Each structure stands twice: as structure tokens, then as C-alpha cells.
Amino acid sequence: MPELPEVEVVRRGLERWVRGRTVADVAVLHPRAIRRHLAGPEDFAAQLRGRRLGAARRRGKYLWLPLEAETPAETPAGTPLGTAPDRAVLAHLGMSGQLLVQPHDALDEKHLRIRVRFADATGTELRFVDQRTFGGLSLHDTVPGDPDGLPDVIAHIARDPLDPAFDEDAFHAALRRRRTTVKRALLDQSLISGVGNIYADEALWRARLHYDRPTATLTRPRSAELLTHIRDVMHAALAVGGTSFDSLYVNVNGESGYFDRSLDAYGREDEPCRRCGTAMRRRPWMNRSSYFCPRCQRPPRVS
DNA sequence: CTTCGATCCTGGTAGC
DNA sequence: TGCTACCAGGATCGAA
């Protein structure tokens with residue numbers, strides 16, 4: 001399940017293998033993969049054709065590639081050079097999405113949804129493959145003046161904890177203001193982005209916090225500590241290429257990450273806590289699961 | 001306004 | 001073996 005570290009691995013792959021290339025053609029093989037592009041598949045392809053892709057960016061679990069300005073001959077007279085990009089292609093991997101750079105002659109993947117061919121002789125193409133079709137690609141206007149070309153439809157997504165501009169004071173204030181519980185808050189992408197079920201459980205285990213702890217009871221040092229654990233676990237995952245339980249998450253070259261071997265909480269029901277040896281527990285939670293140590297992570301008194 | 005549950009989707013697997 | 005039921009879960013939407 002791609003969360004921030006996995007998406008960042010993919011971003012780096014796009015930056016290396018796709019940035020600067022000009023789109024020759026786009027084939028949309030499954031309409032659901034393009035559903036966020038309201039104008040439809042034909043419009044998506046037509047708008048991308050002939051455009052050069054800029055620097056790969058990421059916020060939380062979202063990825064995007066700004067479209068570089070049209071060639072100077074087509075640029076209206078008087079347009080200053082170096083202005084912020086005004087369009088960007090946005091990608092979300094959902095639960096099972098993959099962006100793969102493949103040779104043209106590689107066999108189509110079973111769940112190939114979108115193919116992007118380029119106008120160069122590199123011999124590779126970009127493929128969006130997605131079994132469960134929660135992910136997709138789309139084209140959007142960017143937030144005016146944003147130097148990274150942030151797509152307007154994700155302007156409500158909070159900065160992520162690895163973003164140098166992440167506002168720690170605002171995060172803490174929001175936690176105190178909200179009447180919710182800590183894991184819910186971590187998964188709320190408008191408060192902090194990039195954290196999903198896996199890294200939430202990992203960070204809470206490291207911080208010795210129960211998932212149902214009301215955020216209003218967190219002191220400033222406690223929330224700062226939690227944030228540090230979130231960053232630590234994400235950096236550790238990034239260092240080994242992310243978390244792959246199966247073939248559903250891979251980098252652009254189809255390779256898995258190894259962080260699943262380092263997980264302390266997620267998926268460890270009945271296994272001993274790596275700190276105290278107590279059997280880890282799994283609890284149904286919000287249509288998914290929460291893994292925690294019943295001894296290290298005591299439930300709040302009022303629940 | 002905030003909070004919260006239902007919903008989308010498909011392949012793998014547990015259980016009978 | 002073959003069937004059913006359930007599970008994984010990010011983001012969105014509408015209800016309370």
C-alpha cells in the first residue's frame with residue numbers, strides 16, 4: 001500500500017526516467033483510471049500530446065509532473081520566461097497503482113490502464129498499472145504562482161512531515177482543537193499528509209501512544225515526539241525502498257522495497273512486541289485494522 | 001462548521 | 001475441488 005515513502009521512491013524514478021521527455025501519445029485502456037479527469041480520456045490524451053514533462057513533485061501521497069511551457073514560437077509575445085507552470089499531470093496510486101517505465105516491447109501487464117509514449121528514441125514508455133483501480137491520472141490547472149505547479153485540486157492536502165515547510169505549530173494547534181483521536185488525525189490528509197494505516201501504526205508504536213487517544217490530550221512535547229517518530233520511520237523506509245508486502249507496490253523499474261522486514265507493529269498480530277515481548281494485538285478499526293502493543297500502548301481512560 | 005460511516009474495486013485466501 | 005465470505009484501504013461524499 002503506497003504511503004509517503006513508497007510514493008517518494010516512485011517520484012525519484014519519474015524524476016530520473018521521465019522528466020524532460022515529450023509526450024508523443026497516450027492510450028487510456030480503462031476509463032476508471034482517468035475518472036478524476038472530468039473532460040474524459042480523449043481530452044486527457046489530446047492535452048498531453050506534444051507537451052514536455054517537468055520536475056516530478058510530491059505532496060503526501062500525490063505525485064505530479066508540471067507541463068513545461070509550450071515552445072517559444074507558440075508562447076504569446078510578452079510572456080516572461082521562468083513563470084510558474086500552469087498545468088500539471090497528477091497521479092495517485094490509490095492502493096495498488098504502479099507507475100512503470102517499460103521497454104516498448106514488454107508484454108502488457110494484466111492491469112495496464114494507461115500507456116504514455118514519448119517522442120524520443122529511448123525505447124521506453126510510462127505505464128500506469130492498477131489492479132484495484134483506486135488510483136489514476138488527471139490533468140489540472142495549477143495554483144497560480146506556485147513554483148512547483150501544485151495542482152489546484154490538491155490544494156487542500158496538507159504539507160507532509162518531510163516537507164521543510166511543514167508547519168509544526170499549526171499541526172499541534174489543530175490536534176488540540178480537534179475532537180478526534182490520534183490515529184484518525186494522522187490519517188486526515190488535511191492535517192498532515194502522506195501517513196496511511198501502516199506508518200500510522202508504526203509511528204504510534206514508536207511513540208507508545210494508543211490509536212484511540214484523544215488528540216486534545218496531547219501535550220506539545222508529546223505531539224512533537226510523535227512527529228519525530230513519523231519522520232524517523234518514513235526515513236528508515238525510504239532508505240530501503242519502501243514497504244512491499246507483495247508485488248502490488250514496486251518502484252518504476254518494478255523492484256520491491258524491503259521495509260516490511262522492519263515493521264514493528266503493522267501485521268504483527270500475536271507476535272511479541274519488540275520492546276516488551278507482550279503479544280501484539282489487532283483491532284478492527286474504521287473498516288481496517290490497528291496493530292498495537294497492549295502493554296506499551298495503553299488505551300485512554302475515557303474511550 | 002465538524003465528525004463519521006459507507007462506498008468504490010479486485011485478487012488472494014480462509015473456511016466449509 | 002469448488003464455492004462463498006471476507007479482507008486489504010485512500011479519498012470522497014453525504015448524513016448527522
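Below, chains carry the letters A, B, ... as their sequence lines are ordered, and counting in each starts from 1. Only a predicted model underlies this, so the values are computations on that prediction, with no experimental measurement involved.
- The distance between atom CZ of Arg35(A) and atom P of dT12(C), rounded to the nearest whole Å, is 10 Å.
- Atom-to-atom, CD1 of Ile154(A) to P of dA11(C) comes out at 10 Å; the value is rounded to the nearest Å.
- Inspection of the Glu6(A) and Tyr199(A) side chains reveals an N or O donor paired with an N or O acceptor under 3.5 Å.
- Side-chain atoms of Asp86(A) and Thr142(A) include no donor-acceptor pair closer than 3.5 Å.
- The shortest heavy-atom contact between Ser289(A) and Lys183(A) is O-NZ, 3.3 Å.
- You'll find that the side chain of Lys61(A) is closest to dG10(C), out of dT12(C), dG10(C), dA8(C).
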> Could you run down nucleotides 2-10 of chain B 5' to 3' and tag each one B, S or - for protein heavy-atom contact under 4.0 Å?
Replying inline: -SSS-BBBB

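- With rounding to whole Å, Leu191(A) atom CG is found 15 Å from dG10(C) atom C1'.
- The distance from atom CG of Leu93(A) to atom C1' of dA8(C) is 16 Å, rounded to the nearest whole Å.
- Atom pair Asp130(A):CG and dA8(C):C1' shows a separation of 13 Å (rounding to whole Å applied).
- Looking at heavy-atom distances under 4.0 Å, Arg282(A) makes contact with sugar-phosphate atoms alone, never a base.
- If you measure from atom CD of Gln189(A) to atom P of dA11(C), you get 4 Å, rounded to the nearest angstrom.
- No hydrogens or angles considered: a donor-acceptor pair under 3.5 Å links the side chains of Arg21(A) and Thr124(A).
- Applying the side chain to side chain donor-acceptor pair (under 3.5 Å) test to Arg12(A) and every residue at least two apart in sequence or in another chain returns Glu8(A).
- Tyr62(A) places its OH atom 12 Å from the P atom of dG10(C), with the value rounded to the nearest Å.
- Rounded to whole Å, the distance from NZ on Lys183(A) to C1' on dG10(C) is 13 Å.
- In this structure, Ser289(A) does not reach the dC7(C) phosphate: none of its side-chain N or O atoms is under 4.0 Å from OP1 or OP2.
- In terms of heavy atoms, Val195(A) sits closest to Leu186(A) at CB-O, 3.4 Å.
- Just one residue in the list Val116(A), Ile114(A), Leu100(A) forms a side chain to side chain contact (heavy atoms under 4.5 Å, CB included) with Phe128(A), and that residue is Ile114(A).
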